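What follows is a set of notes on a single structure, which appears directly below.
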Number of protein chains: 4
Amino acid sequence: MSGRSTEILEAARDLFSRNGYESTSVSDIAGAVGVADGAIYRHFPSKRAVLYEVIREFYEPVIVMARRNIAGIGDVRQRLRYLIWLQVRAFTEQPELCRLIIAEARPMEDYYESEIADLNRRYTSLLVEVVLDGQRHGTFRDDVEPTMVRDLVYGGIEHIAWGAVTGRSEIDPNVIADDLTRLICTGLDVSRTQERESGLVAQVARLEALIDRMES
Amino acid sequence: MSGRSTEILEAARDLFSRNGYESTSVSDIAGAVGVADGAIYRHFPSKRAVLYEVIREFYEPVIVMARRNIAGIGDVRQRLRYLIWLQVRAFTEQPELCRLIIAEARPMEDYYESEIADLNRRYTSLLVEVVLDGQRHGTFRDDVEPTMVRDLVYGGIEHIAWGAVTGRSEIDPNVIADDLTRLICTGLDVSRTQERESGLVAQVARLEALIDRMES
Amino acid sequence: MSGRSTEILEAARDLFSRNGYESTSVSDIAGAVGVADGAIYRHFPSKRAVLYEVIREFYEPVIVMARRNIAGIGDVRQRLRYLIWLQVRAFTEQPELCRLIIAEARPMEDYYESEIADLNRRYTSLLVEVVLDGQRHGTFRDDVEPTMVRDLVYGGIEHIAWGAVTGRSEIDPNVIADDLTRLICTGLDVSRTQERESGLVAQVARLEALIDRMES
Amino acid sequence: MSGRSTEILEAARDLFSRNGYESTSVSDIAGAVGVADGAIYRHFPSKRAVLYEVIREFYEPVIVMARRNIAGIGDVRQRLRYLIWLQVRAFTEQPELCRLIIAEARPMEDYYESEIADLNRRYTSLLVEVVLDGQRHGTFRDDVEPTMVRDLVYGGIEHIAWGAVTGRSEIDPNVIADDLTRLICTGLDVSRTQERESGLVAQVARLEALIDRMES
DNA sequence: AATGAATGAGTATTCATTCAT
DNA sequence: AATGAATGAATACTCATTCAT
C-alpha cells in the first residue's frame with residue numbers, strides 16, 4: 001500500500017463519512033488528495049472499490065482485536081457481553097461509518113458478493129462461536145440456533161443504536177451492553193422456574209419444619 | 001381515491017417491487033398504467049410520494065389487523081409471538097416490499113420525517129404495549145426497557161429474515177416465531193434457577209423420602 | 001365584460017405583479033378566482049391574452065386621462081412636462097406593472113404585433129403631437145425629429161426609473177420631471193448662443209456707443 | 001482560455017444570436033462544436049455562464065476601445081457624440097447581440113448581481129465622466145445630474161434603435177449621433193437666446209444701417 | 001358557463017470511467 | 001504514476017391548452 005493509496009483512503013473516509021458515498025464524487029476525493037481525477041484509478045479499480053476498502057480498513061482491526069480479546073475472557077457470558085459492547089461502541093464512536101455501511105453499502109446490489117459482506121460474516125461468526133461454546137459447556141441451552149442469536153444481537157443493536165447514528169438520541173455502550181446481555185441470556189420472563197422455585201422453597205421449608213418437629 | 005390513483009399505485013407497487021425504486025422511472029409507471037407521464041402528477045405530487053403511498057397501503061392494513069388480533073389474544077406471550085410471527089410472515093410473503101422499505105425508503109434523507117416512519121412507529125409500538133402489559137401483569141420482568149425489546153425483536157427479525165428477502169435462504173414464519181419468542185422470553189441461559197431448581201427438587205425428593213420413611 | 005372576467009383580470013393582475021407572468025400559472029389564476037382551470041378559457045383565449053388585457057386595463061385610462069389633461073394645458077413645455085411626469089409617476093406608483101410590461105411583455109415574440117404595442121404607440125404619440133405642436137408654434141426647433149424626442153424621453157425615463165422599479169433606489173416624479181423637461185428643452189450646453197449673444201451684445205453696445213458719440 | 005472554450009463561445013454566440021438564449025439548448029451548442037453535451041460543463045459551470053461570457057466578450061473590447069478613443073478626443077461635445085455614435089453603431093452592427101442583452105439577459109432575475117451588469121455600469125460611466133468633464137470645464141451646465149444624462153442617452157438610444165434591432169426600420173449611426181448629440185446639448189427649445197439673438201441681430205443691422213447712413 | 005382530468009413535449013446537469021499524452 | 005479532457009446516458013417535472021361531460 002503506497003502512501004498515495006493511504007492518502008486517497010483517508011480522504012475518501014472523511015468525505016464518505018461527512019457527505020455520504022453518493023454525494024461524494026471521485027473528483028471530490030481527488031481534489032482532497034490534490035491529484036487529478038484519473039489518478040484515483042491508478043490505485044483503485046472503481047469508486048466502489050474505494051468504499052469497500054475504506055470499510056475494510058475500519059472492519060479488519062476490529063475483528064482482529066475482538067478475536068484476541070475474546071480469547072482472554074473466560075466466562076462465556078462475559079465474552080458475549082464483550083461482543084455486544086464492542087458493536088454498540090462502534091455505533092457511538094463511529095456513527096458515520098456505521099451509517100455508511102448500513103445505509104449505503106449494504107443496499108448495494110453486489111454487496112452480498114463483496115469482500116465486505118465476507119468480513120461481516122467473519123466478524124459476526126465470532127458471536128456464533130461464543131454461543132456454540134456456551135452450548136458446549138452447558139452454559140447456554142443447546143436448542144437455540146446460534147445464528148439466530150447472532151442475527152438477533154446484531155439486528156437488535158442496529159435498531160437500538162440507530163437513533164444515536166442519526167443523531168436523534170444518545171446511548172451509553174455499557175448500559176446497553178449490560179441490559180442487552182442480560183435480556184439475551186435470561187430472557188424476558190419472570191422465570192416460571194423462579195415461580196416454581198418459590199413454590200419448592202416453600203415446600204422445602206415446610207418439609208424441613210416437619211422434619212424438625214419429627215426429629216424433636 | 002379515484003380508480004386512476006389505484007391503478008397508478010398498483011403499477012408502481014409492481015414495478016418498485018420488481019425493479020426497485022431507483023430503477024423505475026415515472027415514465028415506466030405511466031406507461032404501465034397507459035397514461036401520459038404528466039398524469040401521474042395529477043394524482044401524486046412526486047415520485048417519492050408514490051413510493052410512500054405504496055408503502056402506506058401495505059403498512060396500514062397490517063397495523064389495523066395486528067391491533068385487532070392482538071386484542072383477541074389473552075396470553076401476553078402469545079401476543080408477543082403473534083407480533084413476531086406477523087413480522088416474519090411479512091418478510092416471507094412480501095419480500096420485495098420489505099426490501100423496498102428497508103433498502104430504498106429507509107436510507108432516504110427525509111425518511112424519519114415522513115409519514116412512513118410514523119406508520120412504522122405506530123406499528124412497532126404495538127409490541128411495546130404488549131411488553132408493558134406483560135410487565136404490569138407480572139409476566140415480564142419490569143427491569144427491561146420495552147423499547148429495547150422492540151428494537152431487539154424488529155432488528156433481529158430483519159437480520160434473520162434478510163437471507164429470505166434476498167433469496168439466499170428460506171424460512172418458516174412459525175418456526176422462527178416459536179424460536180424467537182422462546183429466546184426472547186426465556187433467554188439463552190440454561191437457567192440458573194433450573195440448576196438451583198434441580199438442587200431443590202432433589203432436596204425435596206430426599207426430604208420427602210425421609211419423611212416417607214419416618215412415617216412408615 | 002362579465003363580473004367573472006373582471007375577477008379573473010384582478011386576480012391575474014395581482015399575481016402577475018407579485019410573482020411575474022412566467023411564474024404565474026393559469027391554475028394559480030383560476031385558483032385565486034375560485035374556478036376550475038378550464039373556466040379561464042371561457043373568458044380569454046390564452047394566458048397571454050389575459051396578460052395583454054391586464055396591461056390594456058392599466059394603459060387605457062392613462063391614455064384617456066393624458067389626452068384630456070394635455071388638452072387643458074396651454075403651454076407646450078408644460079404639456080411636455082406633464083407627459084414626462086405622468087410616465088415617471090407610473091413607474092413610482094405601479095412599479096410591478098411597469099416591470100411586467102418592460103421585462104416580460106415587451107420581450108415576447110409577438111409583442112410588436114399585439115394590441116399592447118399599439119396602445120403604447122397611441123400613448124407615446126401624444127408626446128409626438130406635443131412636440132409637433134411646439135414646432136408649429138415656433139416654441140421648439142423644427143429640425144428635430146419628434147419621434148426621436150419621443151424615444152429619448154420614454155427610453156430615458158425607463159432607464160432613470162428602473163432603479164426604482166427594481167427597488168434599488170427611490171425617485172420623486174416631480175423632481176425628475178422638472179429636471180428632465182429642462183434638459184430636453186434647453187439642453188446640456190452652457191448656450192453657445194449665449195456666447196454669441198455676449199458677442200453681439202458687446203458689438204451692439206460698441207455700435208450704440210459709437211452712434212451716441214456721433215450723435216452727440 | 002483554451003481553444004475549446006473559444007469554440008464553445010463562438011457557437012453559443014451564433015446560436016444565441018440566431019435563435020435566442022431560451023430557444024438554444026446546451027445540446028445545440030455542444031452539437032455545433034462537435035463535442036458531447038457534458039463537455040460544455042468542463043468549460044462553463046452553466047448555460048447561463050456561457051451567455052454571460054458571450055456578452056462579456058462582446059462588451060469588454062468595446063469598453064477598452066471607447067476608453068482609449070475618448071482619451072484622444074479633445075472636445076467634450078465630440079466625446080459625447082462619440083459615445084452616442086458608438087452605442088448606436090452597436091445596435092446597427094450587432095443587433096442580435098443587443099437584442100440578446102436587452103430582451104433576454106437583462107430581464108433575468110440575477111442580472112443586476114451579475115458581472116454583465118457591472119460591465120454595463122463601467123461602460124456607461126464613461127459617459128458620466130464626459131459629462132462631469134464638460135461641467136468642470138464650463139461647457140456643460142452643472143445643474144444637471146450626469147447620471148440622468150447617462151440614463152437619457154442610453155435609454156433613448158435603446159428606444160431609437162429598437163426598430164432597427166427588430167428589423168422594422170433602418171438607421172444611420174452618424175445621423176442619429178449628430179441629431180441626438182445636438183438635441184442633448186442644445187435642447188429642444190428654439191433658444192430664448194436665439195430669439196433674443198434674432199432681436200439683437202436685427203438691432204445690430206439697424207444700427208449698422210444707421211452708421212452707414214451717417215458715414216455716407 | 002363550468003369542469004377538471006389528461007396531454008406530452010421539452011432539457012439542464014451529473015459523474016464514473018477512459019485514454020492519449 | 002499521473003494527467004485532465006472527454007464521454008453520453010439518463011430523468012423528474014411543468015403547464016398551457018383541450019374536450020367530453
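The model shown is predicted, which means the values in this text are computed figures rather than measured ones. So you know, we letter chains A, B, ... as the sequences are listed, proteins then strands, and number each from 1.
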Inset, instruction - Cation-pi check, R13(C) to F58(C): give yes when NZ or CZ is under 6.0 Å from the six-membered ring centre and within 45° of the ring axis, no otherwise. - result: no
Legend entry - NZ or CZ of K47(C) within 45° of Y21(C) ring axis and under 6.0 Å: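 That pair qualifies as a cation-pi contact.
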Gap between atoms [atom1] and [atom2], on [X] and [N] respectively (whole Å):
X: M108(D); N: dA12(E); atom1: CE; atom2: P; answer: 11 Å
X: F44(C); N: dT18(F); atom1: CZ; atom2: C1'; answer: 19 Å
X: R4(B); N: dT7(E); atom1: CZ; atom2: P; answer: 7 Å
X: D28(A); N: dG4(F); atom1: CG; atom2: C1'; answer: 16 Å
X: K47(B); N: dA10(F); atom1: NZ; atom2: P; answer: 14 Å
X: R48(A); N: dC15(E); atom1: CZ; atom2: C1'; answer: 14 Å
X: Y41(B); N: dA6(E); atom1: OH; atom2: P; answer: 16 Å
X: N19(A); N: dT14(E); atom1: CG; atom2: P; answer: 16 Å

Legend entry - Most 5' of V35(D) and D37(C) on DNA chain F, judged by nearest nucleotide: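 Here V35(D) is the residue nearer the 5' end.
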Inset, instruction - Apply salt bridge (charged side-chain N to carboxylate O under 4.0 Å, His left out) to E53(A) and R56(A), showing your working. - result: CA-CA 5 Å; E53(A) 186 59 19; R56(A) 207 184 57 73; 2.6 Å; yes
Inset, instruction - Please check if atom CD in E113(A) has more than 12 non-hydrogen atoms from other residues, nucleotides or ligands closer than 6.0 Å. - result: yes
Inset, instruction - Begin from the C-alpha positions of E96(D) and R99(D) and carry the test salt bridge (charged side-chain N to carboxylate O under 4.0 Å, His left out) through to its verdict. - result: CA-CA 5 Å; E96(D) 298 94 352; R99(D) 197 206 59 79; over 6 Å; no
Inset, instruction - Test for a donor-acceptor pair under 3.5 Å between the base of dT3(F) and the side chain of R42(A), counting only N and O atoms. - result: yes
Inset, instruction - Could you please name the option among dA16(F), dA2(F), dG8(F) that lies closest to any side-chain atom of S25(C)? - result: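 Given the options dA16(F), dA2(F), dG8(F), the side chain of S25(C) is closest to dA16(F).
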Legend entry - F44(C) vs L9(C) side-chain heavy atoms within contact, under 4.5 Å: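 In short, these two side chains touch, coming nearer than 4.5 Å.
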Inset, instruction - Determine the contact category for V26(D): base if any of its heavy atoms lies under 4.0 Å from a base atom, sugar-phosphate if only primed atoms, P, OP1 or OP2 are that close, otherwise nothing. - result: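 Touches a base.
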Inset, instruction - Select base, sugar-phosphate, or nothing to describe what S23(B) touches, counting heavy atoms under 4.0 Å on all strands. - result: nothing
Legend entry - For DNA chain E, the dot-bracket pattern of Watson-Crick and G-U pairs whose distances stay under 3.5 Å, | for other-strand partners: .||||||||||||||||||||
Inset, instruction - Kindly say whether A117(C) contributes a backbone atom to a donor-acceptor pair with the side chain of N120(C) at under 3.5 angstrom? - result: no
Legend entry - Comparing T24(A) and G34(C) on DNA chain E - which has the more 5′ nearest nucleotide: G34(C)
Legend entry - Given DNA chain E, 5'-ward residue of the pair E22(D) and G38(C), judged by closest heavy atom: G38(C)
Inset, instruction - For dA6(F), take OP1 and OP2 only and decide whether either is under 4.0 Å from a side-chain N or O of H43(D). - result: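 Yes, such a contact exists.
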